[in-house]
Chemist: 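Here it is, the structure, as structure tokens.
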Amino acid sequence: MKIVMLGAPGAGKGTQAKKIAESYGVPHISTGDIFRANIKNDTELGRKAKTYMDKGELVPDELVVELIMDRFKEPDCEGGYVLDGYPRTIPQAEALDSALEEAGEKLDYAINVDVPDEVIINRMSGRRACLKCGATYHIQYNPPAVENTCDACSEELSLRDDDREETVKNRLEIYHEQTEPLEKYYSEHGVLYNVDGTKDMDEVFESIRTIVGN
Ligand code: ADP
Ligand code: AMP
């Protein structure tokens with residue numbers, strides 16, 4: 001099963017992708033998580049990506065496409081995957097389609113988590129991330145058991161640099177300009193499904209289950 005998660009930054013793509021991965025037994029692939037891990041390990045890719053990420057800009061397509069194509073070669077992708085944060089531009093979607101076509105495969109679902117901009121600002125300012133294991137929390141809607149501490153690995157939680165309000169506004173603008181057109185792209189490919197992302201996390205997941213089945 002191959003799924004792409006669409007939606008604005010902070011819409012809940014990662015939250016739902018983790019639930020999908022767990023329920024359906026496919027790997028959760030987040031390009032943002034891969035970049036953050038590279039930044040943490042101070043790799044060349046991480047240093048390159050950070051200059052864009054800190055400003056709320058997109059990392060250039062060539063870098064992201066190369067990264068994701070390498071990730072697809074890992075054996076855990078054989079039964080499919082749920083992509084979170086990829087594609088973010090039409091050229092990225094086309095690169096994915098070409099790779100799938102070459103392998104004689106196809107995308108099953110592009111699930112668009114729909115949340116208006118006003119709600120996004122509140123989601124992002126309350127988001128806390130574990131930079132060690134990738135877990136995500138919200139101080140109000142999904143708090144950790146112990147304040148500011150990851151439930152899974154006990155690491156101290158961080159407010160992502162790019163979740164500050166000025167950067168979020170820039171990210172939203174770029175989203176509307178470059179990523180939102182993917183809704184039309186996938187609608188024309190007959191695989192677009194919309195879910196109301198303003199609902200409670202479990203309700204959003206129920207809507208996804210209705211689309212994907214058991
Ligand atoms: P994305 O991966 O789309 O950037 P996240 O999954 O990280 O978004 O969610 C952004 C923030 O909003 C996180 O703090 C998360 O815990 C919270 N969140 C996600 N889904 C919901 C929801 N349905 N209701 C309230 N808060 C949510
Ligand atoms: P995310 O964790 O998905 O919110 O991504 C955080 C940041 O990583 C984005 O704001 C971009 O700077 C960068 N990034 C992640 N995925 C992509 C992508 N597919 N294309 C370009 N930049 C990306």
Side-chain angles (χ1 to χ4, degrees), residues 4-21 28-39 45-46 48-69 71 82-96 111-131 134-144 148 150-151 157-164 167-175 177-179 182 195-208:
V4 156
M5 301 302 293
L6 297 177
K13 301 181 296 297
T15 302
Q16 297 303 325
K18 287 187 181 92
K19 289 178 186 283
I20 292 172
H28 164 212
I29 303 179
S30 155
T31 39
D33 281 354
I34 298 173
F35 286 135
R36 281 184 289 278
N38 275 275
I39 292 172
L45 175 68
K48 277 189 195 158
K50 188 171 169 26
T51 58
Y52 301 95
M53 289 169 74
D54 282 352
K55 289 183 271 182
E57 290 171 6
L58 294 184
V59 175
D61 287 339
E62 314 81 73
L63 277 183
V64 194
V65 170
E66 194 187 326
L67 170 99
I68 203 86
M69 294 304 152
R71 181 63 184 84
V82 52
L83 297 183
D84 159 20
Y86 184 96
R88 265 185 158 98
T89 63
I90 299 278
Q92 290 183 20
E94 289 170 345
L96 174 62
I111 298 177
N112 182 44
V113 185
D114 192 17
V115 175
D117 288 8
E118 317 78 85
V119 180
I120 294 290
I121 307 277
N122 170 277
R123 291 252 179 113
M124 307 283 256
S125 60
R127 170 158 65 182
R128 293 295 178 273
C130 175
L131 298 182
T136 306
Y137 301 87
H138 191 283
I139 51 174
Q140 194 179 347
Y141 308 119
N142 180 27
N148 223 29
C150 180
D151 290 348
L157 301 178
S158 322
L159 171 68
R160 277 168 45 177
D161 287 340
D162 59 347
D163 279 353
R164 294 173 203 283
T167 319
V168 169
K169 286 190 177 144
N170 195 25
R171 292 171 70 195
L172 276 172
E173 249 174 62
I174 291 175
Y175 162 75
E177 217 173 86
Q178 299 198 47
T179 308
L182 290 174
V195 294
D196 178 356
T198 62
K199 298 210 174 116
D200 168 274
M201 292 172 198
D202 291 334
E203 284 179 76
V204 180
F205 187 56
E206 272 316 304
S207 314
I208 294 176

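Note that ligands are numbered from 1 as they come in the structure, with each ligand's atoms numbered from 1 the same way.
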Chemist: For the backbone of G85 and the side chain of T31, can you confirm whether one donor and one acceptor N or O come within less than 3.5 Å of each other?
Modeler: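 Confirmed, T31 side chain pairs with G85 backbone.
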
Chemist: Closest heavy-atom contact between L182 and P87?
Modeler: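 Residues L182 and P87, closest heavy atoms: CD1-O, 3.3 Å.
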
Chemist: Got an N/O contact under 3.5 Å between Y52 and ligand 2?
Modeler: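 No, Y52 has no N/O under 3.5 Å of an N/O on ligand 2.
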
Chemist: Is there a polar contact, in the sense of an N or O pair closer than 3.5 Å, between R36 and ligand 2?
Modeler: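 Yes; at least one N/O pair falls below 3.5 Å.
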
Chemist: May I ask you to test the M201-N142 pair for a side-chain heavy-atom distance under 4.5 Å?
Modeler: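 When only atoms from C-beta onward are counted, N142 and M201 do touch, with a gap below 4.5 Å.
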
Chemist: I'd like to know whether ligand 1 has A8 as a neighbour, heavy-atom separation below 4.0 Å.
Modeler: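 So A8 counts as touching ligand 1.
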
Chemist: Take every heavy atom of G10, measure it against each atom of ligand 1, and state whether any distance is under 4.0 Å.
Modeler: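 Yes, G10 has heavy atoms under 4.0 Å from ligand 1.
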
Chemist: Is the closest side-chain donor-acceptor distance between D117 and Y175 under 3.5 Å?
Modeler: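 Short answer, no.
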
Chemist: Could you tell me the residue and atom name of the protein heavy atom closest to atom 2 (O) of ligand 1, and the distance to it rounded to 0.1 Å?
Modeler: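 Heavy-atom neighbour on the protein nearest atom 2 (O) of ligand 1: G14 N, 2.8 Å.
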
Chemist: Tell me whether R88 has any N or O atom under 3.5 angstrom from an N or O of ligand 2.
Modeler: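 For ligand 2, there is an N or O atom that lies under 3.5 Å from one belonging to R88.
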
Chemist: Numbering the atoms of ligand 2 from 1, which are under 4.0 Å from a heavy atom of E57?
Modeler: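 What qualifies from ligand 2 is 11 (C), 12 (O).
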
Chemist: Among all protein heavy atoms in this structure, tell me which lies nearest to atom 7 (O) of ligand 1, with the distance rounded to 0.1 Å.
Modeler: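 Sorting protein heavy atoms by distance from atom 7 (O) of ligand 1 puts R127 NH1, 2.6 Å first.
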
Chemist: Using a 4.0 Å cut-off to any heavy atom of G197, which atoms of ligand 1 qualify?
Modeler: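 Checking each atom against G197, I get 23 (N).
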
Chemist: Would you mind reporting whether Y86 and V4 have side-chain heavy atoms less than 4.5 Å apart?
Modeler: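 No, side chains not in contact.
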
Chemist: Among all protein heavy atoms, pick the one closest to atom 22 (N) of ligand 2 and tell me residue, atom and distance.
Modeler: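 Checking every protein heavy atom, the shortest distance to atom 22 (N) of ligand 2 gives V59 N, 3.0 Å.
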
Chemist: Going by the order shown, which atoms of ligand 1 are within less than 4.0 Å of some heavy atom of Y141?
Modeler: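 Close to Y141: 25 (C), 26 (N).
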
Chemist: Is there a donor-acceptor contact under 3.5 Å from the side chain of R171 to the main chain of D162?
Modeler: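 Looks like yes, one N/O pair under 3.5 Å.
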
Chemist: What is the closest protein heavy atom to atom 11 (C) of ligand 1, and at what distance does it sit?
Modeler: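 Its nearest protein heavy-atom neighbour is R123 O, 3.8 Å.
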
Chemist: Please classify the R160 to ligand 2 contact at 4.0 Å (heavy-atom distances, strictly less than): side chain, backbone, both or neither.
Modeler: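 Looking at R160 and ligand 2, just side chain atoms fall under 4.0 Å.
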
Chemist: side-chain contact (heavy atoms from CB on, under 4.5 Å) with V59: which of K48, R88, M53?
Modeler: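 The option that passes is M53.
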
Chemist: Of the backbone atoms (N, CA, C, O) and the side-chain heavy atoms from C-beta on, which set of D200 has a member under 4.0 Å from an atom of ligand 1: side chain, backbone, both, or neither?
Modeler: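 For D200, the contact with ligand 1 is made by the backbone alone.
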
Chemist: What part of Q16 sits under 4.0 Å from ligand 1 if we count only heavy atoms: the side chain, the backbone, both or neither?
Modeler: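 For Q16, there is no contact with ligand 1 at all, from either part.
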
Chemist: Tell me, which protein residue and heavy-atom name are nearest atom 8 (O) of ligand 1, and how many Å apart are they?
Modeler: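 Looking at atom 8 (O) of ligand 1, the protein heavy atom closest to it is G12 N, 3.2 Å.
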
Chemist: Run the numbers for me: atoms of ligand 2, each under 4.0 Å from some heavy atom of G85, listed by number.
Modeler: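 Per the distance check, 16 (N), 17 (C), 18 (C), 19 (N).
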
Chemist: What atoms in ligand 1 come closer than 4.0 Å to a heavy atom of T136?
Modeler: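 Result: 7 (O), 13 (C).
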
Chemist: Give the residue and atom name of whichever protein heavy atom lies nearest to atom 4 (O) of ligand 2, and the separation in Å to one decimal.
Modeler: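 Ranked first by proximity to atom 4 (O) of ligand 2 is R171 NH2, 2.9 Å.
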
Chemist: Can you report which non-hydrogen protein atom sits closest to atom 6 (O) of ligand 1, along with the distance?
Modeler: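 The protein heavy atom lying closest is T15 OG1, 2.6 Å.
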
Chemist: Which residue supplies the protein heavy atom nearest to atom 20 (N) of ligand 1, what is that atom called, and how far is it?
Modeler: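 Answer, as residue, atom name and distance: M201 CG, 3.7 Å.
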
Chemist: Just by distance, do the side chain of D200 and the backbone of D202 share a donor-acceptor pair under 3.5 Å?
Modeler: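 Yes; at least one donor-acceptor contact below 3.5 Å.
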
Chemist: Looking at non-hydrogen atoms alone, which of M124, R127, K55, M53 comes nearest to atom 8 (O) of ligand 2?
Modeler: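 Ranked by closest heavy atom to atom 8 (O) of ligand 2, first place is M53.
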
Chemist: For atom 20 (N) of ligand 2, what is the nearest protein heavy atom, given as residue, atom name and distance?
Modeler: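 Answer, as residue, atom name and distance: Q92 NE2, 2.9 Å.
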
Chemist: Check each atom of ligand 2 against the heavy atoms of Y86 and keep those under 4.0 Å away; list them by number with element.
Modeler: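 Contacts of ligand 2 toward Y86, numbered from 1: 19 (N).
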
Chemist: Using a 3.5 Å cut-off on N or O atoms only, is T31 in polar contact with ligand 2?
Modeler: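 Yes, since at least one N or O of T31 sits under 3.5 Å from an N or O of ligand 2.
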
Chemist: Give a yes or no on whether the backbone of A8 and the side-chain of K13 come within a donor-acceptor separation of less than 3.5 Å.
Modeler: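 Checked: pair present.
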
Chemist: Under 6.0 Å from the CD atom of E94, do we count more than 12 heavy atoms belonging to anything else shown?
Modeler: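 Yes, the 6.0 Å shell around CD holds more than 12 heavy atoms from other groups.
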
Chemist: What atoms of ligand 1 come closer than 4.0 angstrom to any heavy atom of Y137?
Modeler: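 Selected atoms, number and element: 13 (C), 14 (O), 16 (O).
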
Chemist: Under 4.0 Å from a heavy atom of K199: give me the atoms of ligand 1 that qualify, with their elements.
Modeler: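 Checking each atom against K199, I get 22 (C), 23 (N), 24 (N).
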
Chemist: Out of all atoms in ligand 2, which are within 4.0 Å of some heavy atom of D162? Include the element for each.
Modeler: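 Numbered from 1, ligand 2 contributes 6 (C).
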
